[in-house]
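Every heavy atom of this structure was used, including side-chain atoms; hydrogens, water molecules and symmetry mates were not. Numbering starts at 1 and runs along the sequence shown.
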Amino acid sequence: MIAPKQAKPTHPLIDEYCKNYKSLFSNVRTYEAFKNIHVEILSEIKRKSLPEIAKVLGLENAQGLHHFLTRSPWDIHQHRNSRIQLILNHLKGRRIRVIIDETGDPKKGKKTDYVARQYIGRLGKVENGIVSVVAYGLIDGITFPILFEVFKPQKCLKAGDVYKTKPQIAAGLIEEMVHLGFQIKLVLADSLYGESEAYFLSKLEELGLLYIVSIRSNHGVWLPEGQSISANEWTTSTRNMSQGKTETRYIREVIFGEKGRRTYWKLTTDKETLPKNSTSFVMSNIPSLNYKNVGDIYGDRTWVEYGFRQCKSEWGWADWRLTHYSDIEKWWELVCSAYLLVTLTTAPFKSSATSSETPTSKIFRSSVTQHPHWNHQTNWKSALNNLQLLLLPMLGFNSILYWLQVFPIPQLSWGLNRLISFINRACFALFPPSADVDFLFSSA
């Protein structure tokens, strides 16, 4: 009996992560393409286009990768369900903060699905492009994308499409997350959603969720006759930033008539000039919200910009050259999957198992962290940096593989393979197995 063909290995961490989705792919080549795309999304190449990915992987062309996105029969909904279940397995019932925001990318032409002249946030103006609404999770300073949905302009609707505003899309994402089993501690969003009483806020209230949202500076509240608007004195607050940094903020509560279930706040870095870029007006239904914590809680929205910057600049969120949304959606789902891979290597998610650690694995773990570019901090960006360092020898070998076929140098090939072997063993030491989750390493 002939043994079934096995997929070519890439990197131990990526291979083991991708095993969570292996059953979704009908053949080895499709599964190999799935793993290869994860490798290159995680790599340091600036543009994640399929031709560039193929070049770095040492492939002859990008045809197989393009086929994987456009014609391969894998089901994006099954992949998303597997990714969501993986997140839930690692959260183990822990409560998360959910951040809602949109991302827009300029795109030329008129043939791509749902591309139209619309407001593109990154440009700050109306331009031809595509927009999606994304729900991010945040726990212990670590972000991870959960769900996304494209915004479909009315003039771009196809047969069977139903027009939904961005707040309606966001409300649907939150409701879906609750039904999926996420324990949501708090929802944060910008003024587009904070001003949507009919669709977004009403859904949060219906689901019994706490929120803190931005509102416009001219936000209006109906007041009974005889009541007026008042504001307390400014209070100085220290905003706790990432990596232990702090920033002075000024906060005051704005009271519409008599105090009610919702509270209103103004936050700024300069109480005299109220600079536009660093002044926020926010509304919340959090009981007993006070000056000490309103700044830090709402400041978590900055993680949205951090997350989107990773997706856009480093992860190739907008680097696709596709026209059908079904293919674009697959690319976005793969970006979310690669993002999750990094998240699972961070402290809030990483296994704490050490019982099986051997003296040899301790040596490898100690040695690999002596690399001069190794980042010893515990944030998400540091995890990505270190993972990219671990990928470098394999990608470097791929980049010179054809030259080694032209000019064979056995000693160089042997040395690079030995280096890759050492790094692979270091991965087992850095990310020890855990028996209670699906993200495991094998001894292969």
Side-chain angles (χ1 to χ4, degrees), residues 95-102 121-122 124 136 138-141 143 167 170 184-197 200-202 204-205 209-309 379:
R95 301 172 71 197
I96 63 172
R97 293 180 178 180
V98 174
I99 307 169
I100 295 290
D101 208 354
E102 64 187 78
R122 62 185 291 189
Y136 271 89
L138 173 66
I139 186 169
D140 297 339
T143 59
I184 300 176
K185 181 179 182 180
L186 179 68
V187 177
L188 300 102
D190 66 18
S191 61
L192 176 65
Y193 308 95
E195 293 291 345
S196 177
E197 183 71 47
F200 187 68
L201 296 180
S202 62
L204 298 186
E205 299 278 4
L209 298 176
L210 299 178
Y211 57 81
I212 181 166
V213 294
S214 179
I215 54 177
R216 294 193 298 263
S217 58
N218 62 350
H219 180 85
V221 176
W222 287 102
L223 297 178
E225 186 177 352
Q227 294 188 17
S228 60
I229 302 174
S230 61
N232 293 336
E233 295 293 326
W234 288 104
T235 297
T236 303
S237 174
T238 300
R239 163 85 170 107
N240 297 315
M241 311 293 284
S242 62
Q243 301 179 11
K245 297 180 181 179
T246 60
E247 181 179 79
T248 299
R249 296 284 181 97
Y250 299 94
I251 303 173
R252 70 176 179 181
E253 184 178 6
V254 179
I255 304 169
F256 290 86
E258 297 181 358
K259 273 195 170 184
R261 184 172 50 85
R262 290 177 177 173
T263 55
Y264 304 83
W265 306 82
K266 185 181 292 185
L267 300 80
T268 185
T269 55
D270 190 327
K271 62 182 180 179
E272 303 299 332
T273 63
L274 299 178
K276 183 178 180 180
N277 292 336
S278 59
T279 299
S280 301
F281 300 85
V282 302
M283 174 177 67
S284 178
N285 68 343
I286 301 175
S288 304
L289 188 64
N290 56 52
Y291 292 94
K292 293 182 179 180
N293 54 28
V294 64
D296 277 347
I297 293 175
Y298 185 71
D300 282 342
R301 275 209 72 254
T302 59
W303 288 104
V304 170
E305 298 177 2
Y306 180 85
F308 281 138
R309 186 163 59 248
N379 55 46

Interatomic distance, CZ@Arg261 vs OG@Ser284, rounded to 0.5 Å, equals 10.0 Å

Counting C-beta onward and ignoring hydrogens, is there a side-chain heavy-atom pair between Leu210 and Pro287 closer than 4.5 Å?
yes

Just checking, any donor-acceptor pair under 3.5 angstrom between side chains of Tyr291 and Asn232?
yes

Run the side-chain contact (heavy atoms from CB on, under 4.5 Å) check on Ile99 and Leu138 step by step: do they pass?
CA-CA 8 Å; Ile99 307 169; Leu138 173 66; 4.1 Å; yes

For Phe281 and Tyr264, I'd like to know if the aromatic rings sit close, meaning centre-to-centre distance below 6.0 Å.
no

Student check: side-chain heavy atoms of Glu195 and Ile215 closer than 4.5 Å
yes

Closest heavy-atom pair and its distance - Pro167, Phe200
O-CD1, 4.0 Å

Using the side-chain contact (heavy atoms from CB on, under 4.5 Å) rule, pick out the option among Val294, Asn290, Leu289, Ile286 that qualifies with Thr263.
Leu289

Nearest 0.5 Å please: distance from the CG atom of Asn277 over to the OG1 atom of Thr268.
10.5 Å

Measuring from atom CG of Asn379 to atom CG of Asp140, what distance do you get when rounded to the nearest 0.5 angstrom?
13.0 Å

Does one side chain, of Thr269 or Ser278, offer a donor that lies under 3.5 Å from an acceptor on the other?
yes

Minimum heavy-atom distance Leu267-Gly295, with the two atoms named:
CD2-CA, 3.6 Å

Before you tell me yes or no, could you show the steps for Val98 and Leu188 under side-chain contact (heavy atoms from CB on, under 4.5 Å), namely the whole-Å CA-CA distance, both residues' side-chain angles and the distance that decides it to 0.1 Å?
CA-CA 6 Å; Val98 174; Leu188 300 102; over 6 Å; no

side-chain contact (heavy atoms from CB on, under 4.5 Å) partners of Glu197, counting only residues at least two apart:
Leu201, Arg262

Residues at least two apart in sequence or cross-chain that pass side-chain contact (heavy atoms from CB on, under 4.5 Å) with Thr273, listed by chain then number, are Asp270, Pro275

Are Arg95 and Ile184 close enough that some pair of their side-chain heavy atoms sits under 4.5 Å apart?
no

Please assess Ile251 against Trp265 for the test side-chain contact (heavy atoms from CB on, under 4.5 Å), listing each intermediate value before the final yes or no.
CA-CA 7 Å; Ile251 303 173; Trp265 306 82; 3.8 Å; yes

Run the side-chain contact (heavy atoms from CB on, under 4.5 Å) test on Tyr193 and Val187 for me, step by step, so that the C-alpha distance in whole Å, both residues' side-chain angles and the decisive distance to 0.1 Å come before the verdict.
CA-CA 11 Å; Tyr193 308 95; Val187 177; over 6 Å; no

CE of Met283 to CD1 of Ile212, rounded to nearest 0.5 Å, is 10.0 Å

With side chains defined as the heavy atoms from C-beta onward, is the minimum distance between Val282 and Val213 less than 4.5 Å?
no

Answer yes or no: is there a side-chain heavy-atom contact under 4.5 Å between Ser237 and Tyr250?
no

Apply side-chain contact (heavy atoms from CB on, under 4.5 Å) to Arg252 and list each qualifying residue two or more places apart in sequence or on a separate chain.
Ala231, Trp234, Lys266

Can you find a pair of side-chain heavy atoms, one from Asn285 and one from Glu205, that are under 4.5 Å apart?
yes

Arg97 and Ile297, any side-chain heavy atoms less than 4.5 Å apart
yes

